[in-house]
Structure formats: C-alpha cells, structure tokens
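One structure below.
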Amino acid sequence: MSEIDNLIKAVAEAGGDKGILANSDIAHLAVNEHKILSANKVEGIEVEAKETLTGIEAKVIVLEGMKIKNPVHLCFGVLHKRGTQEIKMDVRLEKNASASFIAHCIFPNAENVRHIMDAVVEIGEGAEMRYSETHYHGMHGGVEVIPKAVVKVGKNGRYFTDFNLTTGRVGRLEIDYSVTADENAVTELTARVFGHANDDIHIKEKVVLAGRNSRSIIKTRVAIEDDAQAEVIGITEGCAEGARGHVDCMEIIKDKAVAKAIPIVYVTNPLAKVTHEAAIGSVDKKQMETLMAHGLSPEEAVDVIVKGILR
Amino acid sequence: MSFFEIKDLIFKAGDKKILDGLSITTGHSEIHALLGTNGTGKSTLAYLIMGCEGYKPVSGEIIFDGKVVNDLKIHERAHLGITMAWQEPVRFEGISVKDYITLKNKDANPSHYLEMAGLHPAFYLQRMVDKSLSGGERKRIELASILALNPKLAVLDEPDSGIDMLSTQDIINVINAFKKNGSAVLLITHREEIALIADKASQLCGGKIVCSGSPGKVAEYYKSRQCLVCRDEVCAYV
C-alpha cells in the first residue's frame, strides 16, 4: 500500500472522509512526515509548498474577494512510530476573501513523534478565515504537539479557530497562539482537549484588541484524568475604545489530575472592557444528580458531561 | 392504593429540623399537590425522595412500590421509576435538546415531548441545553425530558415558577400528560391555582403536613394563612 493510501486509510479510521483527497473541487495538501504526498488547488487559492529536511514549508494565499466554497483540507500525518514533522505555514487572506481550513493531524502509532507547527497568518480587511484542527492520536502517548501561530486580523476581518484533541492520548501539548485584532475585527479561539495518564497540556492563547470596537473570545475546555496535568493561560489585552474581550476557561479534573487556569486581563483604554471566567473542579454535582435522575449511572453521567464540554 | 408512601420522615440540616415527622401517600396515576410557602421544606422533601447527596433522613421511611428506598442512590431510584424535575434545572454544554430528551429513552420521539411542553420542535431540537436558553425554556425542556422517561413517579419541584402567565396552561397540560401516561406526580407548588388540577393536595408547614384532602379544601386552608403547627394563629411561614 502506498504512503498516500496509508494516510487516507488513517484519516478514514479516525472518522474523516476518505473521498476528500480525490475530489477535485476541494483544495487539499496531504503530508506524511516531511513528504508532500498530494496537493490540489482550486480557483482563488494559490499554494506553494516545498519539502524540507524535517517537514514542509507552505505558502497559501486566498486572493482578493474570493470566497472559497469548500473547506480546504490539510492532512498532516506521521504514520511511523518515530519521526519529526515541522510545518511552516504562511497563510494570507487578501481583502474581502474568505476560506475555511480543516486540518487533520494524524499520529496513530506514535511512540516518539514531534509535530511542530509554526504559522504566520494575515487576514486582510474584511476577510474571514475559519480554521479547525482535529488531532487523532494513538494510545501510546508518545506525541509532542507544539503549534504556534502569530495572527493579524485586519480591519473588519474575522478569525475563528477550533482546536480539538480529544481522541487518544495527548502526550505533550504546547499551544502558543497570539492574535492582534484591528478595528472592528472579530476573533474566536476555541480549544478542547482531553488528557489521560501522564499527558502534559499547556495552552497559551493571547488576543490583543488593538483596534476600535474589536472583539474576541477565548474559550478553553479541558478534561483531565489519571495523572494528567493542564495549564491554561488566556490573555486578552483591551487597548482601544469599544474593544470587548472575554476569556472563558473550564477544566474538569478526575483522579489525581492537576489543572491550573491563569486568565490575564490587561486593559489600557478606559473605554475597553475585558472579562474572564474560569472554573476548575470535578464534575458538577447538580449536573450529575440531574442525569442520574434520568437513570444514568454515575459513570455514564460523567461521560455525558465530559463529552458535552469537549464537543 | 398507595404505591408511594412517606412515613414519619425527619430530616435535619445541622441542628435545625427541616422535616418533622412528615407523612404522605400517593396512588398510581395520581397527582398529589404539595402546597407550602418558601422555606417550609418542599424542595428538601423532593431531594430526599430522589436521594440527592447530603439528604439522608434522620428517621422515617420512603416506600416505593412496597420497597423502602432510603438507602438507594439516585440512579437506582430512577431505575425503579422515580424521577424529578428540579426547580432550577441545570444547564449542560454541548448536549442538544434532542439528545437530552433521548438520553435514556432512545426510542422516545423528542418532537412529541417538546410539543407537549408547548415548544416548537423545529426551533428547539438542535439547540443546546445551555445558557442560551431562558429559564422558562429550560424548565419546559426538563419537563419534556422527564415525561419521555415514562416514570412511575415524577417529583415536580415548582414547575410553574419562572413561567410566564400565558404559558401556565402549557405547564398544566404537561402535568396532566404525566397522569394520562400512567405516572403519579408529586406536584410541589406554592400557587393554589396550580394545585387545583391535582387529585388530592396537602399543605406543608414547619416540616409537617398540616392539612390534606381535596385540592379545593387545602387551597382554601392555604389561602386562610392558618395552620395547626402555628396553633390556629396566622401562620409563621406565610
């Protein structure tokens, strides 16, 4: 079986649609370790990708005014037990362009795998980008995931991200996102992670509301059990008149897991407003009792609640 | 015949006696309204019946279908057919109304139960049971979900509170639907007009039942603001 077939098979086993890479109407880039296996462009998108010694470098431009109908699929896999994959992405959405990206990060057999993402994103005036990243890890816990992104959202621009790592062991996760929002720009950062065993989770997300009436929400949902650890830092800076930001972190812990939440709110303009809420603890007692009154066992109730917050 | 009975129930919170030898009975498919003002122990009784954490009687028995259930956990009581709708139902992230109504009864038609609670399925099925719902909407969805369980006994803790006046009839319809489906209902309320739909009623005051009988009679007694506990003087709890 070829490498691309193996990657498609792994995507399908992880619940993805294996027909995506064969559909000429859908732009995609499929990478296994540091090898580009397949790429497809559609009208309105320019993609330049090249292999490096340890990964790939890709430049993606969505041209001015272009609304890309189908989501662009990015498949990043390391199918071997060991390997390093460094992805350097330079994404630019020109004025009034819009596109959605769905990234599948697949490491089903990882025993010692490093996946490093270093992204620079520029969203032009009035442009909109949606980025959803879902990880499929095996049960060995030997993955190190280090996604870093520096994002600039232009005037009236919109940026939405959704990071999901709820299947398999996390391993070590170190998210570092930083977003600067210009006038009237909207930013929503969402992360959902489920840690087990000795998984080690660090999430740092920062939004600088630099422009007038810019708005943001950082929403983090983490569930950890066994001996897992999680630290979530959500930073919002309100620097302009009418800026509105909110940091919302919820962590559910079980067993000997340890969670820490650090919301940092920094306001330099008296007409800006930034709020935060953070809740860490075991599963809510009243939620448990309500579900048990519906006939669910305590174990089923915990499962429903945790799956709910990670959905 | 009573298939649900509470005998001489005493419950204390610290040193304070909240329920003081309370006894009630409810028959099959019977609506038993429990009237009482704030702080008389109505919700406490509901938590004791359901077996919520921290609510264990000092003495007395809760008997369901001939079995003393005092030591059973909440889900064990639910498996017997007891369930409850909380006065302020809790919210859940990431669970749709449709999934919530069919959590335990996968065969239930969620649209049917939403309609019975006066809600349009098309508008609610895909919504989340979270903070985006108003208190009244959440309450009706809870009633719909409880109804979908086909319980033998539904303890409804103030289903009418927080519901706008125009929608009160919807709540009455749901309560009647429980009876129609063969469920017994312990209807906790402090509104006598809601109690009037019951088959029988009792008034709770100072942790005791101070009056029992037809809903009309008990409602009159309730309105008179007098009770035996308060020795025929103006009731201290009103």
Side-chain angles (χ1 to χ4, degrees), chain A residues 132 134 162-167 188-194 217-224 232 246-253 261 275-311, chain B residues 43 46-55 72-97 99-106 108 126 128-131 138-139 141-157:
Chain A
S132 169
T134 301
D162 198 347
F163 179 95
N164 289 282
L165 205 174
T166 58
T167 307
E188 278 187 30
L189 307 179
T190 304
R192 299 178 177 88
V193 182
F194 193 178
I217 180 165
I218 300 174
K219 182 175 168 182
T220 317
R221 297 290 181 264
V222 174
I224 46 174
V232 177
H246 185 64
V247 181
D248 174 5
C249 173
M250 185 193 287
E251 296 181 71
I252 288 180
I253 59 168
T275 52
H276 71 83
E277 57 186 311
I280 302 181
S282 57
V283 175
D284 182 81
K285 185 182 127 189
K286 198 170 170 190
Q287 288 184 331
M288 283 287 290
E289 290 186 334
T290 299
L291 295 180
M292 287 163 70
H294 280 71
L296 273 65
S297 69
E299 295 76 21
E300 288 171 329
V302 169
D303 195 44
V304 166
I305 294 164
V306 169
K307 278 184 180 156
I309 74 152
L310 295 176
R311 192 166 288 152
Chain B
S43 293
Y47 301 151
L48 281 158
I49 294 169
M50 202 64 242
C52 295
E53 192 185 321
Y55 289 86
L72 296 186
K73 294 186 168 62
I74 299 178
H75 63 292
E76 292 167 333
R77 296 183 199 208
H79 290 168
L80 291 178
I82 305 173
T83 193
M84 171 176 170
W86 267 257
Q87 187 180 343
E88 287 178 23
V90 72
R91 315 297 175 114
F92 294 92
E93 273 195 32
I95 302 177
S96 69
V97 169
D99 289 344
Y100 188 67
I101 292 174
T102 55
L103 263 179
K104 197 62 187 175
N105 183 0
K106 304 289 180 205
Q126 300 308 323
M128 296 293 144
V129 189
D130 60 13
K131 287 188 276 190
R138 175 68 189 94
K139 205 149 197 166
I141 287 163
E142 191 61 27
L143 287 172
S145 72
I146 294 293
L147 196 57
L149 293 170
N150 291 322
K152 290 181 184 168
L153 172 68
V155 182
L156 309 182
D157 191 2

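Reminder, nothing fancy here: chain letters follow the sequence lines and each chain counts from 1. No hydrogens, no waters, no symmetry mates; every other heavy atom, side chains included, goes into these values.
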Distance-minimising heavy-atom pair for A/A293 and B/A78: O-CB, 3.6 Å
Distance, nearest 0.5 Å, that separates [atom1] of [X] from [atom2] of [Y]:
X	Y	atom1	atom2	value
A/R311	B/E93	CZ	CD	11.5 Å
B/I74	A/H294	CD1	NE2	12.0 Å
B/K73	A/S297	NZ	OG	12.0 Å
B/K104	A/M292	NZ	CE	11.5 Å
A/T290	B/M84	OG1	CE	8.0 Å

Side-chain heavy atoms of A/K285 within contact of B/E53, under 4.5 Å: yes
Greatest number of heavy atom pairs closer than 4.5 Å to chain B - which of A/E300, A/M250, A/E289, A/K307: A/E289
Given that the side chain runs from C-beta out, which part of [X] has a heavy atom under 4.5 Å from chain A: side chain, backbone, both or neither?
X	answer
B/I95	both
B/I82	backbone
B/E76	neither

A/M288 portion near chain B, given a 4.5 angstrom heavy-atom threshold: neither
Top of B/V129, B/D99, B/V155, B/V90 for chain A proximity - count of heavy-atom pairs under 4.5 angstrom: B/V90
